Amino acid sequence: MNHFRKPKLTPNKLVSMKEAIADAVKPGCNLYLEGFTHLISFAAGHEIIRQQIKDLTAIRLTPDLVYDQLIEAGLVKKLVFSWAGNPGVGSLHALRRVSQKDSAKKIEMEEYSHFGMVARLLAGSSGLPFWPLKNYEGTHIAEVNPKIKSIDCPYTGEKFATVPALNPDVAIVHVQRADKEGNAQVWGLMGTQKEAAFAAERVIVVAEEIVDTSIIRRDPNRTLIPGILVDHVVHEPWGCHPSYAQGYYDRDNQFYVDWEDISRDPASYKNYLDAFVFGVKDRHEYIQKMGTDLMSRLKAKPRKCEGVDYGY
Amino acid sequence: MNHFRKPKLTPNKLVSMKEAIADAVKPGCNLYLEGFTHLISFAAGHEIIRQQIKDLTAIRLTPDLVYDQLIEAGLVKKLVFSWAGNPGVGSLHALRRVSQKDSAKKIEMEEYSHFGMVARLLAGSSGLPFWPLKNYEGTHIAEVNPKIKSIDCPYTGEKFATVPALNPDVAIVHVQRADKEGNAQVWGLMGTQKEAAFAAERVIVVAEEIVDTSIIRRDPNRTLIPGILVDHVVHEPWGCHPSYAQGYYDRDNQFYVDWEDISRDPASYKNYLDAFVFGVKDRHEYIQKMGTDLMSRLKAKPRKCEGVDYGY
Amino acid sequence: MATDTANTGAKPLKPSERMAVRASQELKDRQVVFVGIGLPNLACNLARATHAPQLFMIYESGTIGTLPARLPVSIGDPTLVTDSLAIVSQADIFQGYLQGGLIEVGFLGGAQVDKYGNINTTVIGDYDNPKIRLPGSGGACEIATHSQQVLIMMRMSPKSFVAKCDFVTSPGSRMDSTKASPQLGRTRTEMKLPGGGPTKAITDLGVLEMIDGEFTLTEIYEGVTVEQVKQNCGWELKVASSLKTIPNPSTETLDILRNKIDPENLYL
Amino acid sequence: MATDTANTGAKPLKPSERMAVRASQELKDRQVVFVGIGLPNLACNLARATHAPQLFMIYESGTIGTLPARLPVSIGDPTLVTDSLAIVSQADIFQGYLQGGLIEVGFLGGAQVDKYGNINTTVIGDYDNPKIRLPGSGGACEIATHSQQVLIMMRMSPKSFVAKCDFVTSPGSRMDSTKASPQLGRTRTEMKLPGGGPTKAITDLGVLEMIDGEFTLTEIYEGVTVEQVKQNCGWELKVASSLKTIPNPSTETLDILRNKIDPENLYL
């Protein structure tokens with residue numbers, strides 16, 4: 001077993017989203033587009049749709065609107081997940097259209113619980129082929145997923161579930177700030193960003209702000225992802241809308257509510273994709289198209305914390 | 001298997017070090033006095049010596065001077081560890097005197113590598129009885145420690161080492177700042193403080209500064225230990241000397257060098273303990289006794305980082 | 001429904017309000033609660049605003065000691081982050097807090113629940129060819145496995161309180177029988193599940209309590225009849241001999257719930 | 001020793017200086033190195049100050065992309081923290097960085113090493129009744145197990161370069177024979193060890209290289225004889241047919257090492 005990963009130490013990894021996606025996301029690859037409500041890179045998802053990268057195995061604990069859009073665009077061969085919905089609102093309608101009895105065409109589904117998905121990433125980010133967890137007894141989850149196995153504790157004899165390591169081909173992680181080597185700092189909800197970056201073969205860091213490395217080095221405990229894991233850095237302000245970035249802009253809850261109606265009908269879904277994905281060439285145009293009121297409505301009110309002292 | 005821990009939600013846990021140690025550290029208990037060079041609570045160790053709490057199983061990755069002092073004071077029945085030395089300088093002489101062929105009296109030793117000790121805490125802090133790791137093949141470490149066992153991966157068939165969960169009776173953790181409920185923030189080196197606090201039955205947080213809860217809540221990503229794990233909070237400025245607290249005071253490297261000579265000879269060792277442990281009633285007296293130059297010599301030069309924005 | 005006609009003050013009392021108020025009464029001050037969005041969130045924040053000001057709220061997204069300033073609209077709402085005591089990763093939430101045994105009360109709901117408190121949030125119909133594809137487990141399976149006790153909040157109907165779940169996502173007091181094994185399945189103790197499992201189901205008609213491993217009707221709201229409850233339950237529901245009546249909430253409590261907790265009527 | 005008489009400039013060239021300079025030459029720019037305190041730290045910081053300015057240094061205490069402003073006196077020196085790119089927990093260092101396969105070069109030393117590069121930092125003598133109790137593994141076992149390659153830095157003597165280690169703390173190229181199994185033990189490949197193991201031992205007399213799983217003398221310093229090296233080795237040392245001579249370091253390099261890297265002469 002040799003699981004070495006080549007550390008990535010190029011001094012400037014800044015590219016456009018177009019370039020990053022074209023280079024790192026290949027047809028048929030295992031894609032982990034991270035975000036747990038917070039810091040979901042819709043910008044990356046839309047660029048994947050524009051580039052029509054097909055046959056994806058789309059992986060995340062919470063495939064949400066952007067995963068649903070990948071499905072509606074016909075790019076997803078298989079979904080690996082633990083909770084698929086429009087958080088706080090309802091269903092993912094593109095997913096429903098390819099996952100039910102009456103579906104004309106179906107995609108493959110591989111299903112865990114959140115803890116199971118997290119455990120898969122923990123294994124993948126730790127160089128282990130499996131991870132043990134106390135879960136799934138008394139449920140049908142392991143029955144319908146043969147990848148969930150079990151192991152006996154060598155001390156107590158007790159049985160534990162295991163899940164296999166997850167090592168995505170590409171992880172895309174949106175962060176508040178990064179330097180051009182990809183050293184990335186995040187605050188607020190952290191989801192599985194660190195584990196995804198450590199587990200993936202290739203990593204794209206998308207940042208609200210590109211900062212000088214000295215800013216990162218002033219507060220090293222804040223760094224979640226070291227640049228040695230990162231292939232590409234993309235500067236994409238407002239890149240998460242309708243998701244959010246703590247300290248930058250609020251979640252566009254109204255969009256999530258409106259989405260229920262937009263997405264239920266394939267025709268209005270198509271209109272949305274035509275206008276806001278295919279109809280714009282990049283994120284900048286998307287934000288312009290959203291109208292001037294977007295920023296005033298969602299821009300965060302400042303609430304800065306104090307720094308701490310690293311002197312000695 | 002029922003492994004629930006009663007969350008600790010008393011509003012004010014502030015007590016003196018004397019009270020905290022008397023209540024939480026009992027004769028014969030498993031003690032984890034944390035610190036990886038950084039944030040070692042010498043103040044707590046000295047109070048344990050003053051209270052003559054015997055038959056301890058003393059546990060840490062890096063038992064250093066303060067563990068050696070517990071041994072010299074005759075309080076340690078067993079040492080569980082992975083590296084025992086005076087970091088950057090040399091040996092632990094009290095330990096040598098009770099662990100070699102020519103020793104008149106010996107203590108029990110249970111030995112892992114750092115990763116093995118960390119893995120034991122990961123299991124203990126995660127509600128699992130074991131933890132798998134790729135380690136110990138090609139060495140004699142597992143041969144002399146029957147607690148290191150093995151497990152076969154259910155996916156690859158490959159063999160992995162396992163270590164049993166470590167759940168200390170008491171963990172003592174020094175932090176830069178905490179509120180009186182024990183919500184604790186740490187920066188700089190983090191060692192295994194979080195894992196120790198989650199794994200232990202009882203937790204004493206010792207803090208350089210006691211701050212209002214609002215300070216903790218201004219930067220929640222900085223919180224390493226939640227107060228619901230904590231039994232006692234002790235305010236003990238300069239409580240780590242000769243170890244250090246980033247942002248507060250530097251490591252007293254000269255003391256570590258001098259210690260080599262102090263500790264080699266049992267007579268000078270006794271003189272030290274008589275003067276600086278038994279000869280003072282608490283940490284305040286210890287610091288006074290160290291002389292006025294201590295603070296000017298070791299006080300940290302300020303190097304504050306910027307805060308981040310938690311607005312939305 | 002009967003509850004539609006129950007009046008407190010000017011506005012009629014809604015089933016959702018009754019559920020939120022009744023659930024809040026289950027929470028004790030200084031308990032550690034794993035809060036879900038929707039009705040559980042209303043119940044927890046109502047408890048904080050009334051009898052349990054120090055209720056310790058943890059949300060699945062990783063916020064510890066949460067103090068939401070507005071009603072969170074999703075599990076990852078930024079209002080959960082700002083002013084919380086700590087933010088932790090998903091790994092820590094599931095591995096450290098849940099599997100680590102720190103959660104005293106968890107909340108669950110779903111599309112189907114059976115008399116053992118087994119819950120289905122995965123599919124209606126056959127797993128491979130479902131009639132309806134539901135969101136899946138999320139953290140529900142581990143909440144049901146590891147919380148010291150679980151409170152279920154669901155509206156009753158024969159479609160939701162079912163004789164048999166189409167799929168069990170989250171474990172209840174014991175496994176049901178299957179075609180292959182017509183005997184009743186193993187209990188939580190036999191399966192060595194760490195948590196205590198569901199203790200109560202707070203519904204829109206009354207409260208079912210887990211007694212000897214089976215849900216039994218122990219409380220009904222004012223104006224609700226036992227017959228109504230039975231009609232809305234898909235199995236032969238046991239009824240406690242000493243059935244309690246749940247009084248209507250006080251005007252004061254309702255006022256807090258309606259005007260402070262959910263003033264925009266998002267979940268009520 | 002011969003090296004005591006080698007002169008560069010005014011001050012005589014010390015064995016520790018030769019070791020630090022020779023080890024620094026093994027490091028390539030932009031490599032990820034797991035740095036130990038003492039000579040490895042001097043070698044790495046010398047490499048940074050000369051041919052490898054972007055050497056990426058990780059210390060066991062959890063500092064990533066470290067830029068020490070002063071010579072660290074312990075593995076947890078605060079100068080390692082300030083200005084580093086990231087600080088991570090011990091769990092992340094061992095589980096994420098080492099077991100996760102991110103370390104390209106690791107450094108090790110010890111009380112004893114054998115011809116396979118097995119290292120002893122645990123005990124001299126019998127484990128249960130040792131003549132000398134050494135510090136133990138620390139992170140050495142996992143550095144030896146998981147680094148892509150390991151560089152050993154040790155002074156040679158028949159007591160340290162031994163025919164058989166009293167205890168193997170860190171795995172080399174293969175296990176030695178034992179009383180119970182007189183055959184040679186399994187190789188790293190047979191044991192499925194992820195890392196490449198020791199590639200070179202940088203000593204005070206010359207460089208031993210791991211060739212076909214056994215340390216072979218391939219380089220000696222100016223003024224050192226093969227005989228000297230053999231006398232300081234506890235096993236019948238193989239010598240390469242094309243033995244290289246290591247030139248003395250340049251005045252410029254020595255100046256950096258002596259006056260910038262370790263001006264207070266802590267480790268030289």
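Keep in mind it's a predicted model, so treat the numbers as computed, not measured. Every chain is numbered from 1, with letters handed out A, B, ... down the list of sequences.
- Contact count against chain C (heavy-atom pairs under 4.5 Å) is highest for A/Ala84 among A/Gly88, A/Gly85, A/Gly247, A/Ala84.
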- request: Would you sort out whether A/Gln100 and C/Lys131 count as a side chain to side chain contact (heavy atoms under 4.5 Å, CB included), showing the intermediate values?
  value: CA-CA 6 Å; A/Gln100 296 185 166; C/Lys131 206 173 132 204; over 6 Å; no
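- Classification of the C/Phe94-A/Phe115 ring pair by plane angle, with boundaries at 30° and 60°, yields parallel.
- No other option in C/Thr187, C/Ile37, C/Thr169, C/Asp126 has as many heavy-atom pairs under 4.5 Å with chain A as C/Thr169.
- A salt bridge links C/Arg186 and A/Glu137; the closest N-O separation between the charged side-chain nitrogens and carboxylate oxygens is under 4.0 Å.
- For the options C/Gly136, C/Pro78, C/Gly76, C/Ser137, heavy-atom pairs under 4.5 Å to chain A are most numerous at C/Pro78.
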- request: May I have the step-by-step check of side chain to side chain contact (heavy atoms under 4.5 Å, CB included) for A/Arg96 and C/Leu134, ending in yes or no?
  value: CA-CA 9 Å; A/Arg96 282 207 163 175; C/Leu134 302 166; 4.3 Å; yes
Evaluation steps, side chain to side chain contact (heavy atoms under 4.5 Å, CB included), between C/Gln95 and A/Trp131: CA-CA 11 Å; C/Gln95 199 162 250; A/Trp131 203 259; 2.8 Å; yes
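- For A/Tyr256, no part lies under 4.5 angstrom from a heavy atom of chain C.
- With a 4.5 Å cut-off on side-chain heavy atoms, A/Thr139 and C/Ser170 do not count as touching.
- In this structure the side chain of A/Lys101 never reaches within 4.5 angstrom of the side chain of C/Pro130, judged on heavy atoms.
- Side-chain contact between C/Met191 and A/Tyr136: absent, with no pair of heavy atoms (C-beta onward) separated by less than 4.5 Å.
- Proximity to chain A (any heavy atom under 4.5 Å) is shown, for C/Val123, by neither the backbone nor the side chain.
- A donor-acceptor pair under 3.5 Å is formed between the side chain of A/Lys106 and the backbone N or O of C/Asp128.
- The closest side-chain heavy-atom distance from C/Asp77 to A/Thr37 is not below 4.5 Å.
- Side-chain atoms of C/His146 never come within 3.5 Å of backbone atoms of A/Asn135 as a donor-acceptor pair (strictly under, hydrogens ignored).
- Counting only heavy atoms from C-beta outward, the side chains of C/Gln90 and A/Met190 never approach each other to under 4.5 Å.
- In terms of heavy-atom pairs under 4.5 Å with chain A, the best-connected choice from C/Thr122, C/Asn118, C/Thr82, C/Ile132 is C/Ile132.
- Checking side-chain atoms of C/Glu142 against main-chain N and O of A/His114 turns up a donor-acceptor pair under 3.5 Å.
- Counting non-hydrogen atoms of neighbouring residues, nucleotides and ligands closer than 6.0 angstrom, the CD atom of A/Glu306 reaches no more than 12 such neighbours.
- Both the backbone and the side chain of A/Ile141 come within less than 4.5 Å of a heavy atom in chain C.
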field: Trace of the side chain to side chain contact (heavy atoms under 4.5 Å, CB included) decision for A/His38 with C/Ser61
entry: CA-CA 9 Å; A/His38 187 212; C/Ser61 46; over 6 Å; no
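- For a residue to count as touching a neighbouring chain, one of its non-hydrogen atoms must lie under 4.5 Å from one of that chain's; by this rule A/Leu189 touches chain C with backbone and side chain alike.
- Contacts of C/Thr145 with chain A are made by side-chain atoms alone, with heavy-atom separations under 4.5 Å and no backbone atom involved.
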task: Assess whether salt bridge (Lys or Arg N to Asp or Glu O under 4.0 Å) is satisfied between C/Asp83 and A/Arg303, documenting all intermediate values.
output: CA-CA 10 Å; C/Asp83 261 337; A/Arg303 198 177 192 289; 3.2 Å; yes
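- More than 12 heavy atoms of other residues, nucleotides or ligands shown are found within 6.0 angstrom of NZ on A/Lys78.
- Of the possible donor and acceptor atoms, none in the side chain of A/His140 sits under 3.5 Å from a partner among the backbone N and O of C/Phe167.
- Between A/Glu195 and C/Ser89, the closest side-chain pair of non-hydrogen atoms falls below 4.5 Å.
- For C/Glu190, no part lies under 4.5 angstrom from a heavy atom of chain A.
- Nearest heavy-atom pair across A/Lys134 and C/Lys192 is CE-O, 3.2 Å.
- Taking the side chain as every heavy atom from C-beta outward, C/Ile75 and A/Phe36 approach each other to under 4.5 Å.
- Put simply, CG on A/Leu61 and CD on C/Glu60 are 8.5 Å apart, with the number rounded to the nearest 0.5 Å.
- Sparse packing is recorded around CG of C/Asp212, with 12 or fewer heavy atoms of other residues, nucleotides or ligands lying under 6.0 Å away.
- Most heavy-atom pairs under 4.5 Å with chain C, from the set A/Gly188, A/Pro87, A/Ser113: that is A/Ser113.
- For A/Ser91, no part lies under 4.5 angstrom from a heavy atom of chain C.
- Put simply, the side chain of A/Leu133 reaches to within 4.5 Å of the side chain of C/Gln99, judged on heavy atoms.
- Interface remark: of the candidates C/Pro171, C/Gly138, C/Gly185, C/Cys165, C/Gly138 forms the most heavy-atom pairs closer than 4.5 Å to chain A.
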